[in-house]
Amino acid sequence: MFFHIVLERNMQLHPRHFGRNLRDNIVAKLMKDVEGTCSGRHGFVVAITGIENIGKGLIRDGTGFVSFPVKYQCVVFRPFKGEILEAVVTMVNKMGFFAEAGPVQIFVSNHLIPDDMEFQSGDMPNYTTSDGSVKIQKDSEVRLKIIGTRVDATEIFCIGTIKDDFLGVINDPAAA
């Protein structure tokens, strides 16, 4: 799920960046350092939407760097247990398959795939129904439900299922 939140960060800036465009340099460094990162507490920072406040700089002893407290608004993505997501399958093996929904990697075990789907090995491993009408393979789009998350300091891992109503393949690249 996406959230719009306010975060704070101390930005260290070298004196060569001081001058007329100091604010622009702080904002550019903030975007470079923060966008695309993951914190276990807030989730993945998708984009910075605005700067609320840049405080007075504090000179760091011995280095010449200046530390600026910056308060900024950003959009974050954090998946929750029970959430329904659409994801793209990245790898299929006999244990299940991995899918990606934005920056989050989700594993769906073969125990959480409907019983009528069998693993087919070969040059393009996949899970196929007995009548061959539905196929899950690399680059397939699936709708899945997150049943568990594990949060590390810099990453979020999820376990998903497609063994529920209205879940499963929504777009098969092989059929196109």
Side-chain angles (χ1 to χ4, degrees), residues 1-9 27 30-52 70-176:
M1 193 170 291
F2 293 93
F3 298 98
H4 193 244
I5 62 173
V6 175
L7 294 175
E8 280 188 62
R9 183 180 178 100
V27 171
L30 178 71
M31 287 182 168
K32 181 177 160 275
D33 290 354
V34 172
E35 287 182 347
T37 62
C38 175
S39 80
R41 184 172 179 189
H42 301 292
F44 294 93
V45 178
V46 178
I48 293 174
T49 57
I51 305 295
E52 283 196 357
V70 181
K71 200 175 208 180
Y72 59 96
Q73 301 169 348
C74 61
V75 175
V76 295
F77 173 66
R78 180 173 168 108
F80 287 98
K81 186 176 175 180
E83 187 174 351
I84 307 292
L85 291 176
E86 294 182 359
V88 177
V89 176
T90 55
M91 187 176 81
V92 179
N93 61 34
K94 67 180 179 189
M95 302 301 289
F97 65 86
F98 287 92
E100 286 181 352
V104 177
Q105 189 166 42
I106 304 158
F107 177 69
V108 179
S109 167
N110 60 3
H111 300 293
L112 300 169
I113 296 173
D115 297 328
D116 67 330
M117 297 192 93
E118 291 287 322
F119 178 71
Q120 310 288 322
S121 59
D123 59 337
M124 182 65 90
N126 61 64
Y127 282 90
T128 310
T129 55
S130 53
D131 64 353
S133 63
V134 178
K135 187 184 280 190
I136 297 174
Q137 61 186 11
K138 188 177 187 310
D139 296 327
S140 294
E141 292 177 25
V142 294
R143 183 173 292 124
L144 48 82
K145 180 178 181 179
I146 294 177
I147 59 170
T149 60
R150 190 180 91 214
V151 179
D152 284 351
T154 59
E155 229 171 344
I156 299 175
F157 303 99
C158 295
I159 303 293
T161 182
I162 59 169
K163 213 175 186 177
D164 247 342
D165 292 340
F166 307 108
L167 301 180
V169 177
I170 52 177
N171 187 13
D172 185 7

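- To the nearest 0.5 Å, the span separating OG1 on Thr161 from CG on Leu112 amounts to 4.5 Å.
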Between Arg150 and Ile156, is the side-chain contact (heavy atoms from CB on, under 4.5 Å) condition met? List the steps. CA-CA 6 Å; Arg150 190 180 91 214; Ile156 299 175; over 6 Å; no

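- In this structure Thr37 satisfies the side-chain hydrogen bond (donor to acceptor under 3.5 Å, both in side chains) test with no other residue, sequence neighbours excluded.
- Glu52 CD to Glu8 CD: the interatomic distance, rounded to the nearest 0.5 Å, is 9.0 Å.
- Inter-residue side-chain proximity for Leu30 and Ile51 is flagged as met; some heavy-atom pair is nearer than 4.5 Å.
- Ala101 approaches Phe77 most closely through the heavy-atom pair O-CE2, 3.8 Å.
- When all heavy atoms are compared, the tightest approach of Ile162 to Leu144 is CG2-CB, 3.8 Å.
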Derivation and outcome, side-chain contact (heavy atoms from CB on, under 4.5 Å), residues Asp115 and Lys163: CA-CA 8 Å; Asp115 297 328; Lys163 213 175 186 177; 3.4 Å; yes

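- From Thr49, atom OG1 reaches atom CD1 of Ile5 across 10.0 Å, with rounding to the nearest 0.5 Å.
- The line from CD1 of Ile84 to CE of Met1 is 10.5 Å long, rounded to the nearest 0.5 Å.
- Rounding to the nearest 0.5 Å gives a distance of 10.0 Å between CZ of Phe157 and CZ of Phe98.
- Residues satisfying the side-chain hydrogen bond (donor to acceptor under 3.5 Å, both in side chains) criterion with Glu100, sequence neighbours excluded, are absent altogether.
- Counting only heavy atoms from C-beta outward, the side chains of Val89 and Asp139 never approach each other to under 4.5 Å.
- A heavy-atom distance below 4.5 Å is found between the side chains of Ile170 and Glu86.
- Atoms CZ and CZ, from Phe107 and Phe97 in turn, are 9.0 Å apart once rounded to the nearest 0.5 Å.
- One N or O on the side chain of Asn93 and one on the backbone of Met95 form a donor-acceptor pair closer than 3.5 Å.
- Checked by atom type and distance alone, the side chain of Tyr127 pairs as donor or acceptor with a backbone atom of Gly96 at under 3.5 Å.
- Annotation for His42 and Val76: closest pair O-CG2, 3.6 Å, computed over non-hydrogen atoms.
- Among the candidates Val34, Val70, Val75, the single residue satisfying the side chain to side chain contact (heavy atoms under 4.5 Å, CB included) test with Ile48 is Val34.
- Ring orientation note: the planes of Phe3 and Phe80 are nearly perpendicular, at an angle over 60° on the 30°/60° scale.
- Annotation: side chain of Val169 is not in contact with side chain of Glu141 (no heavy-atom distance under 4.5 Å).
- Here the shortest heavy-atom pairing between Phe44 and Pro103 reads CG-CG, 3.5 Å.
- The main-chain N or O of Lys94 is found under 3.5 Å from a side-chain atom of Asn110 such that the two form a donor-acceptor pair.
- Counting all heavy atoms, side chain and backbone alike, Val92 lies closest to Lys138 at CG2-N, 4.0 Å.
- In this structure, the side chain of Thr129 engages the main chain of Ser133 through a donor-acceptor pair within 3.5 Å.
- In this structure, Leu7 and Tyr72 have side chains that are in contact, with non-hydrogen atoms separated by less than 4.5 Å.
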Begin with the C-alpha distance, continue with both residues' side-chain angles, and end with the deciding distance and a verdict on side-chain contact (heavy atoms from CB on, under 4.5 Å) for Asp33 and Met31. CA-CA 6 Å; Asp33 290 354; Met31 287 182 168; over 6 Å; no

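- Checked options Ile106, Thr149, Ile147; the residue passing with Ile159 is Ile147 (criterion: side chain to side chain contact (heavy atoms under 4.5 Å, CB included)).
- When side chains are defined from C-beta on, Val88 does not count as touching Ser140, because their heavy atoms never get closer than 4.5 Å.
- Looking at every heavy atom in both residues, Lys81 comes nearest to Gly148 through CG-N, 4.4 Å.
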Worked check of side-chain contact (heavy atoms from CB on, under 4.5 Å) between Arg78 and Val151: CA-CA 10 Å; Arg78 180 173 168 108; Val151 179; 3.8 Å; yes

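- Judged as a side-chain hydrogen bond (donor to acceptor under 3.5 Å, both in side chains), and not counting sequence neighbours, Lys145 has no contacts.
- In this structure, a donor-acceptor pair under 3.5 Å is present between the side chains of Asn126 and Thr128.
- No side-chain heavy atom of Leu85 sits less than 4.5 Å from a side-chain heavy atom of Arg143.
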